[in-house]
Amino acid sequence: EAQVTQNPRYLITVTGKKLTVTCSQNMNHEYMSWYRQDPGLGLRQIYYSMNVEVTDKGDVPEGYKVSRKEKRNFPLILESPSPNQTSLYFCATTGGNDYGYTFGSGTRLTVV
Amino acid sequence: GDSVTQMEGPVTLSEEAFLTINCTYTATGYPSLFWYVQYPGEGLQLLLKATKADDKGSNKGFEATYRKETTSFHLEKGSVQVSDSAVYFCALSAPTSGTYKYIFGTGTRLKVLA
């Protein structure tokens, strides 16, 4: 079954404590992306990756890092989280413009 | 730049009522258009799509037609059920970006009452 697996589903952390949200896909897609979802703002792209070792900023990259060392994994790193990064995060992958995204189940992050 | 505009929610309907959720877009080139659904506590699931003008996407009783002349992709269902209560997102792919970037509307919450 085609899947995007995110972990953890829920995370409460304190300001400044580094964290990583993992994302893994089994569809052998080259493209992966991270979005955050906030009420009234919809989904906004944080970072994306066109292939292994190729990453680029989306619309709201400040405060985030990513890496793509292998095709299936695309972790999102918050090196010093702040309360304004409290949000619902989604990892997604696609095979192209006409296919649609497959999303992970989401990670609800709270930074206190 | 490319953008998607959805009608504000929430939309509250009685069971078996007709549903329309409006979506219009602005895009350079010829985007593909999508509707996603998000049930409470879950991720977004692809509901339907249309990849060229006049295409009709359909799934689970939902339909949407890609109207290039009005730059619209309105979601419709003839008879909604309580189980359709969710948030619906309209989205487009931006082929001119060269990055498979998808642009989403802000979502429309649908509540169906028994």
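In what follows, every chain begins at residue 1, and chains take the letters A, B, ... in the order their sequences are listed.
- For the pair B:Lys101 and A:Tyr31, the cation does not sit on the ring face, since its NZ or CZ is not both under 6.0 Å from the ring centre and inside 45° of the axis.
- For B:Glu16, the CD atom sits in a loose shell: 12 or fewer heavy atoms of surrounding residues, nucleotides or ligands are nearer than 6.0 Å.
- Counting heavy-atom neighbours within 6.0 Å of A:Arg44 CZ, excluding the residue itself, gives a total above 12.
- In this structure, B:Tyr66 places its OH atom where more than 12 heavy-atom neighbours from other residues, nucleotides or ligands lie under 6.0 Å away.
- Under the 4.5 Å side-chain contact rule for hydrophobic residues, B:Val87 and B:Val112 do not share a cluster.
- If you measure heavy-atom distances from A:Gln6 to chain B, you find no contacts under 4.5 Å at all.
- When heavy atoms are compared at a cutoff of 4.5 Å, B:Gln38 approaches chain A solely by way of its side chain, counted from C-beta outward.
- A:Tyr99 contributes atom OH, which lies 12.0 Å from atom OG of B:Ser93 (distance to the nearest 0.5 angstrom).
- Comparing B:Val4, B:Leu44, B:Thr51 by how many heavy-atom pairs each has under 4.5 Å with chain A, the most go to B:Leu44.
- Within a 6.0 Å sphere centred on CD of B:Gln81, heavy atoms belonging to other residues, nucleotides or ligands number more than 12.
- Counting heavy atoms from C-beta on, the side chains of A:Leu43 and B:Phe89 come closer than 4.5 Å.
- Closest heavy-atom contact between A:Asp98 and B:Ser32: OD1-OG, 2.6 Å.
- Criterion: ILVMFWY side-chain heavy atoms under 4.5 Å apart, direct or through other members. Under it, B:Leu48 and B:Phe34 are not part of a common hydrophobic cluster.
- For the set A:Gly106, A:Gly58, A:Ser105, the count of heavy-atom pairs under 4.5 angstrom toward chain B peaks at A:Ser105.
- Within the 3.5 Å criterion, the main-chain N or O of A:Thr94 finds no donor-acceptor partner in the side chain of B:Tyr102.
- Heavy-atom distances place both the backbone and the side chain of A:Tyr101 under 4.5 Å from chain B.
- With hydrophobic clusters built from ILVMFWY side chains whose heavy atoms lie under 4.5 angstrom apart, B:Ile21 shares a cluster with B:Leu47.
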Apply ring pair (Phe, Tyr, Trp, His ring centres under 6.0 Å) to B:Phe104 and A:Tyr35, showing your working.
CA-CA 10 Å; B:Phe104 291 83; A:Tyr35 283 81; 5.5 Å; yes
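- One hydrophobic cluster holds both A:Val60 and A:Val21 under the rule that ILVMFWY side chains link at heavy-atom gaps under 4.5 Å.
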